[in-house]
K.L.:
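Structure incoming, see below.
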Amino acid sequence: MAKVIAKNLSETVAATGKSPLSVTGDGYYFVKDVSTGLTSDTYSKYILQVCNDVSITAKDTTTTSKKEVKDTNDSTANSTSDWQNTADYDIGDAVPFKLTGTVASDYADYSAPYYFAFHDKYVKTELGDPQNVKVYIDGNEVTDKTLYSVTTPAERTDGTYGFDVVFSDLKKTNAVAKSVITVEYTSELLEGANIGSKGNVNTSNIEFSNNSNGEQHGTTPDDTVIVFTYKLDVNKYADSVADTNKLNGATFSLYKKIAADGTLPKGKTTADVVDGYVLIGKITGTDKSSFEWKGLDDGDYKLVEDTAPTGYNKIDPITFTVTSVKDDAGKTLTSINGITSTGEIDLGTQQKASVDTPNGTISTNVVDKSGSTLPSTGGMGIAPFLIIGCGIAAVAGVGLHMTRAKREEA
């Protein structure tokens with residue numbers, strides 16, 4: 001709501017919203033927002049010169065802000081998305097984020113200093129502190145670091161942590177009305193990240209000068225992005241799947257296919273690569289029958305049983321693909337592997353797995369067969385080789401007998 005106070009403060013006219021304010025006579029009028037506690041809006045100019053009919057609005061423009069993230073599938077070359085609202089990553093990955101703010105169109109009406117600050121917040125057990133922070137004005141990097149500051153404050157009142165990129169006086173830069181200011185950085189997805197549809201939320205807003213007549217600050221509404229990650233559970237059984245047949249003693253390795261450009265996950269070297277797959281983790285189950293790999297991105301994977309328990313045969317490697325469906329506008333995880341509810345999917349080689357999208361879990365049972373059968377799946381086994389061996393021995397024996405008979409006749 002705005003109020004116009006006529007010359008000599010002798011009369012007032014008030015209006016709300018976009019209703020016109022009518023005054024009588026030329027002159028200077030004092031225009032004041034009587035709304036209190038404006039946050040995301042800007043205050044109107046207080047002084048208005050009226051010579052003819054003039055259309056005025058109670059509020060001018062405001063600053064806008066947005067938060068975005070990019071998504072990448074490590075198994076596919078050139079798969080990085082445009083800036084969007086959702087993504088999924090492996091734990092340990094550096095996740096790229098972008099903050100965007102648009103300067104209000106009445107920026108020229110403000111005298112220095114003009115305050116403009118990005119406030120970003122996150123859960124410290126889920127996302128690491130920002131790295132490689134870069135700031136741009138209208139697409140041009142701000143290389144003079146004295147024009148802004150980057151700070152990592154202590155824990156906020158809502159239990160989150162965050163960092164601030166602050167222009168204490170934007171007027172010292174080349175920004176103009178409607179300039180687009182962006183901040184780009186990466187943040188590591190940590191071991192404490194949420195698995196599944198809860199995701200890991202990252203939030204930002206902008207604090208800015210919103211009163212050309214004073215020093216008040218406004219704040220844009222929070223904007224969020226969400227990063228998802230998943231896990232694989234493998235349960236080991238002997239001979240058949242039954243609660244009484246759980247089998248300890250195997251060693252499994254999980255590998256992820258790398259993209260054609262050869263980019264490796266953080267902490268991995270070429271020594272971890274086998275046939276185009278990089279080792280994600282090896283687990284020895286001396287005293288366990290269940291194996292878990294937590295914090296997986298979408299991509300192509302291979303599960304290898306390195307050693308089987310004594311008296312059992314290893315399974316053939318299982319190759320499978322983790323995919324996800326996300327509602328980017330709604331910032332939600334819809335499904336993993338295209339399954340919208342718990343059900344069986346084919347991981348390849350007829351291996352089945354169940355999917356729990358809310359918990360972000362792909363679960364599968366693997367069975368080691370006891371005895372001397374080689375291999376447990378997809379192979380001929382040892383029996384055919386024994387039969388062929390006996391056949392060779394029998395032929396050799398017949399040949400020896402026939403040779404001896406001819407010598408005796410001679």
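Heads up: numbering here begins at 1 and tracks the sequence.
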K.L.:
Any side-chain donor paired with an acceptor under 3.5 Å for D138 and S179?
P.N.:
yes
K.L.:
For the residue pair D275 / Y255, report whether a side-chain donor-acceptor contact shorter than 3.5 Å exists.
P.N.:
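Short answer, no.
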K.L.:
Please report the C-alpha distance between D222 and T203 in whole Å, then the side-chain angles of each, then the deciding distance to 0.1 Å, and finally whether the side-chain hydrogen bond (donor to acceptor under 3.5 Å, both in side chains) criterion is met.
P.N.:
CA-CA 6 Å; D222 285 351; T203 302; 5.5 Å; no
K.L.:
Please tell me if the side chains of K124 and D129 come closer than 4.5 Å, counting only heavy atoms from C-beta onward.
P.N.:
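Yes - at least one pair of side-chain heavy atoms lies under 4.5 Å apart.
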K.L.:
Might you confirm whether atom NZ of K257 has over 12 heavy atoms from other residues, nucleotides or ligands at distances under 6.0 Å?
P.N.:
no
K.L.:
Looking at side-chain heavy atoms only, is the closest gap between N235 and K246 below 4.5 Å?
P.N.:
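In short, these two side chains do not touch, never coming nearer than 4.5 Å.
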K.L.:
Within the side chain of D233, is there an N or O that forms a donor-acceptor pair under 3.5 Å with the backbone of S290?
P.N.:
no
K.L.:
Relative to the ring of Y301, is the ring of F320 parallel (under 30°), tilted (30 to 60°) or perpendicular (over 60°)?
P.N.:
parallel
K.L.:
Can you say whether the rings of F118 and F116 are parallel (under 30°), tilted (30 to 60°) or perpendicular (over 60°)?
P.N.:
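Perpendicular.
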K.L.:
Looking at side-chain heavy atoms only, is the closest gap between S75 and K256 below 4.5 Å?
P.N.:
yes
K.L.:
Can you find a pair of side-chain heavy atoms, one from L264 and one from V273, that are under 4.5 Å apart?
P.N.:
yes
K.L.:
Okay, side chain of S209, backbone of Y115: is any donor-acceptor separation there less than 3.5 Å?
P.N.:
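Yes.
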K.L.:
Look only at the side chain of S79 and the backbone of N73, and say whether a donor-acceptor pair between them is shorter than 3.5 Å.
P.N.:
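Side chain of S79 to backbone of N73, a donor-acceptor pair under 3.5 Å: yes, one is there.
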K.L.:
Return yes if a side-chain donor-acceptor contact under 3.5 Å exists between D223 and S65, otherwise no.
P.N.:
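Judged by distance alone, the side chains do not pair up.
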K.L.:
Hydrogens and angles aside, do T72 and T80 bring a side-chain donor and acceptor to less than 3.5 Å of each other?
P.N.:
yes
K.L.:
With a sphere of 6.0 Å drawn around NZ of K331, does it hold more than 12 non-hydrogen atoms of other residues, nucleotides or ligands?
P.N.:
yes
K.L.:
Can you give me the closest heavy-atom contact between K178 and T102, atom names plus distance?
P.N.:
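Residues K178 and T102, closest heavy atoms: O-CG2, 3.9 Å.
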K.L.:
Can a donor-acceptor pair be found between the side chains of D300 and T321 at a distance below 3.5 Å?
P.N.:
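Result is yes, a qualifying pair exists.
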K.L.:
Kindly say whether T86 contributes a backbone atom to a donor-acceptor pair with the side chain of D328 at under 3.5 angstrom?
P.N.:
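Here the side-chain-to-backbone pair exists.
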K.L.:
Does a side-chain heavy-atom distance below 4.5 Å link S187 with P130?
P.N.:
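When only atoms from C-beta onward are counted, P130 and S187 do not touch, as no gap falls below 4.5 Å.
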K.L.:
Do K282 and V304 have side chains that get closer than 4.5 Å, going by heavy atoms?
P.N.:
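Counting from C-beta outward, K282 and V304 never come under 4.5 Å.
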K.L.:
Can you confirm whether L303 sits close enough to F252 that some side-chain heavy atom of one is under 4.5 Å from a side-chain heavy atom of the other?
P.N.:
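The answer is yes, as the side chains (C-beta and beyond) meet within the 4.5 Å cut-off.
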K.L.:
May I ask you to check whether D327 and T334 show a side-chain donor-acceptor distance below 3.5 Å?
P.N.:
no
K.L.:
Quick one: does D120's side chain have a donor or acceptor within less than 3.5 Å of a partner on G162's backbone?
P.N.:
no
K.L.:
Is the shortest side-chain N to carboxylate O distance from D90 to K266 below 4.0 Å?
P.N.:
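No, D90 and K266 are not salt-bridged.
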K.L.:
Residues two or more places apart in sequence or in another chain: which of them pass side chain to side chain donor-acceptor pair (under 3.5 Å) with S111?
P.N.:
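Listed in chain order: nothing, the list is empty.
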K.L.:
Measuring from atom CG of L189 to atom CD of E126, what distance do you get when rounded to the nearest 0.5 angstrom?
P.N.:
8.5 Å
K.L.:
Please report the C-alpha distance between T182 and T100 in whole Å, then the side-chain angles of each, then the deciding distance to 0.1 Å, and finally whether the side-chain hydrogen bond (donor to acceptor under 3.5 Å, both in side chains) criterion is met.
P.N.:
CA-CA 4 Å; T182 57; T100 302; 5.8 Å; no
K.L.:
Any side-chain to backbone donor/acceptor pair from K268 onto L279? Under 3.5 Å, distance only.
P.N.:
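Yes; at least one donor-acceptor contact below 3.5 Å.
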K.L.:
Just by distance, no angles: are the side chains of D306 and S253 close enough, under 3.5 Å, to form a donor-acceptor pair?
P.N.:
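Short answer, yes.
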K.L.:
Judged by atom type as modelled, is there a donor-acceptor pair below 3.5 Å linking the side chain of D239 to the main-chain atoms of K369?
P.N.:
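Not a single qualifying donor-acceptor pair exists.
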K.L.:
Distance-only, no hydrogens or angles: does the S105 side chain make a donor-acceptor pair with backbone N or O of A177 under 3.5 Å?
P.N.:
no
K.L.:
Can you label the angle between the Y148 ring and the F167 ring as parallel, tilted or perpendicular, going by 30° and 60°?
P.N.:
tilted
K.L.:
With heavy-atom distances below 4.5 Å as the criterion, would you say the side chains of V123 and N200 are in contact?
P.N.:
no
